[in-house]
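Reading through the structure tokens given below for one structure.
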Amino acid sequence: MSSLQYLKGIGPAKAKLFERLEIFSVADLLHYYPRTYQDRRENAPNAGLNPPSLTVFKGRVLRVQNIPARSVLIFKAFLVDEQNHQLECTWFKKRTFGSFRFDPFGALKKDFKMNAEIWVIGRKENKNNFFDNKITVEEYYSVSDPQAAWHAGRITPIYGLTEGLTNKQFRQFMQQALRESEAKKEPDILPPFLAEKRKFLGSNQALRAVHFPNSLAELENARSRLAYEEFLLLATAWGIKRTQHKVAAKDYKYEIKKHLLTPFRQNLGFEFTNSQKKVINEILTDLQSALPMNRLLQGDVGSGKTIVALSAMLLAAENGYQSALMAPTEILAEQHFLTFQKLLKKLKVPVAVLTSSTKTAERKKILAGLADGSISMVVGTHALIQDDVKFNNLKLAVIDEQHRFGVKQRGKLKEKTARLDLLTMTATPIPRTLALAFYGDLAVSTLTELPPGRQPIKTRQADEYQAHHLIEEEVKKGRQAYVVYPLIEESESISAKAVTEEFEKLKKVFPQFKLTMLHGQMSRTEKESVMKDFASHKTDILVATPVIEVGIDVPNATVMVIQNAERFGLASLHQLRGRVGRGEYESHCILVAEHKGSLARERLGIICDTCDGFKIGERDMQLRGPGEILGTRQSGELEFKAGDILKDQNILQWAIEDRDELLTNDPLLQNPQHAAFKARLLELYQKNWHLIDLS
Ligand code: ADP
Ligand code: MG
């Protein structure tokens, strides 16, 4: 498929930005589906798509105003629509030295001519006042501009961005890419007999509709087709892999020697739960058997998966083998490292941590230690799967919070060595039958109980004032608190700024306490010291972005305040709440929601009603409304972009059935009618995955 630079306006620099989003080809771009949509239709019914502060307005310019203030320049435009609603739009520019040389509002003045008809999309300045008619503008389009129809007056795609790319650019490139692929009449990748059987939209039609849907119904049709395609591709890849790689017996053996496991258990300070004992047994049995382990460990937030993993890794160490634990975020990797260090100190098992911010000199040392075998355990992020990381005798890999990783990344750790035992861990379970049908050979263990003494976390919706009151009470008692703000438009740098502002505010609310802040833009050393200080209770209140969502473990923390809770998916809320209630103290979670629509209230109500992650998952599925049309990032199982392994169970069933039919008739996809499907399959899975061989 053609490279991205084939598109007009994308040179090497732009292409680099797209690469950050794993978009390398025009096909990748076309399959980069919107993160969400805004309803910008005229007289929009706003089918639950738009956040409450968003304003979409089409009107004529009544007048404009220039306000030169001392430190900023302000430009205002007043618009009126056909129903005589008025809107006041404001732009600010900081005054800088020499700024008189050109007019920072020159372009605006050209576009906002008297009587010009314009679409503006922006946020209300006073988000709590429904009648407020003042906004700051995020995008605007002249109605006379033929391209305006891509951005406004329609259900409009919103993409997950990276710094340097805007939604406007995304839509423009997407239009170009769609036109190209329609003009070329690229063949539909679905095998014709399956397209016939299932009667989905054609490929080009579906792609156009997922990016620029004419209605929500059309969008849902497109989404089903693309979900099916995704499922079929991955199911086929697994199907081929299963027939080609007859699992070979291990050429190494484990023996239970107990010189590490026994003292580990004795020094732990608590007993394993019965559930942990059972699961550890299952894992140790797998390890000792002749075939490599491929086991999924599922257990709710706080059920104690880490020490189960560590037990398995200790068996590897007892036998002189290396093991690695891969976590989805740096903070989590750091924290696992601290836990491991603490628990392994007496046992003298050498353990290291490797992330992308490990300093060069140290990294070199660690790589040497892994290559010569002197480091027996390593914890890290995907820095572990870089090509230059070589192991001496890696035999066991553990992947924590596996739903956060892509199939490609998980596959890569396995490639580090010929044969390997693999343990994956997750708090969001997949139904077992589906997992089996899909992967074929996955064993599943489940932690069914929480460690003793845990009390349900008291969860309620409340306002900021009540939240502050509770924080004050708890911190006075010697406990600690988290205050979490949502990611804004998926840009870490904007979120960091928002959190910084809130942090300054909170410092004034709690002058008597010690507050710290954590966000994704901080350096590794900063993050590490913030986490260490919080864990050792040098600080009382941690203000953060959702970087702390997974894994963070500070038993003395008893309050979790989640701001703008309506912006989080239920799975994320459950994960965040799981950061408290990890010790002996009664714990609280307060959801502060800006928007109390009935759906939002119902969703938050579920979290208040139950602490059972599985129940939350089920209710979440029943409730998913049009607002989360492409909702997989929330429920987070596998990394499907259009499909949702829970919501789309019937489509998944079709895909598995059809995969079997396809491979029975054409095991190596040699039929020319299947060439387009094969090409996409190889493009997706061969390069990074090395699992299938269709040559
Ligand atoms: P998760 O399953 O969410 O990864 P963790 O492994 O982080 O959970 O464990 C949560 C907390 O429970 C940790 O502080 C851990 O030390 C503690 N813990 C784990 N197992 C037990 C147990 N059997 N008894 C008491 N505390 C335990
Ligand atoms: Mg964990």
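Quick caveat: nothing in here was measured; it's all calculated off a predicted structure. Note: hydrogens, waters and symmetry copies are ignored here, and every other heavy atom, side chains too, is used. First listed ligand is number 1; within each ligand, the first listed atom is number 1.
- Taking the six-membered ring for Trp and the full ring otherwise, the centers of His468 and Phe510 sit less than 6.0 Å from each other.
- Taking every heavy atom of Glu271 and a limit of under 4.0 angstrom, the matching atoms of ligand 1 come to 22 (C), 23 (N), 24 (N).
- Using a 4.0 angstrom heavy-atom cutoff, Lys277 does not count as in contact with ligand 1.
- Near Thr273, with a cut-off below 4.0 Å to any heavy atom, the atoms of ligand 1 are 23 (N).
- A salt bridge is absent between Lys476 and Glu473; no separation between the charged side-chain nitrogens and carboxylate oxygens falls under 4.0 Å.
- By the 6.0 Å and 45° rule, Arg265 does not stack over the aromatic ring of Phe272.
- For the atom pair CG of Asn392 and OG of Ser374, the computed distance is 8.5 Å after rounding to the nearest 0.5 Å.
- Within ligand 1, counting atoms from 1 as listed, the ones closer than 4.0 Å to a heavy atom of Gln276 are 19 (C), 20 (N), 22 (C), 23 (N).
- The ligand atoms of ligand 1 that sit less than 4.0 angstrom from a heavy atom of Phe272 are 23 (N).
- Looking at ligand 1, you'll find an N or O of Gly302 within less than 3.5 Å of one of its N or O atoms.
- Considering only non-hydrogen atoms, atom 12 (O) of ligand 1 lies nearest to Arg454 out of Glu584, Arg582, Arg454.
- The N/O atoms of Gly304, backbone and side chain alike, include one that comes under 3.5 Å of an N/O atom in ligand 1.
- Taking a cut-off of under 4.0 Å to the non-hydrogen atoms of Ile307, the atoms of ligand 1 that pass are 20 (N).
- Not a single heavy atom of Gly299 sits under 4.0 Å from any atom of ligand 1.
- Looking at Asp421, Thr424, Asp286 one by one, the single match for side chain to side chain donor-acceptor pair (under 3.5 Å) with Arg295 turns out to be Asp286.
- Close approach of ligand 1 to Ser303 is summarised as follows: ligand atoms under 4.0 Å from at least one heavy atom of the residue are 2 (O), 8 (O).
- Residue Val301 approaches ligand 1 through these ligand atoms, each under 4.0 Å from one of its heavy atoms: 3 (O).
- Ligand-side atoms of ligand 1 in range of Thr306: 4 (O), 5 (P), 6 (O), 7 (O), range being under 4.0 angstrom from any heavy atom.
- Look at Glu586 and Lys458 and you find a salt bridge, because one of the NZ, NE, NH1 or NH2 atoms lies within 4.0 Å of a carboxylate O, short of that distance.
- Not counting sequence neighbours, the partners of Tyr321 by the ring pair (Phe, Tyr, Trp, His ring centres under 6.0 Å) test are Tyr252, Tyr254.
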(request) For the pair Glu282 and Lys278, evaluate salt bridge (Lys or Arg N to Asp or Glu O under 4.0 Å) and give the outcome as yes or no after the intermediate values. (result) CA-CA 6 Å; Glu282 288 167 354; Lys278 175 164 169 278; 3.5 Å; yes
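- One finds no salt bridge joining Lys305 and Asp300 here, because no Lys/Arg side-chain nitrogen approaches an Asp/Glu carboxylate oxygen to under 4.0 Å.
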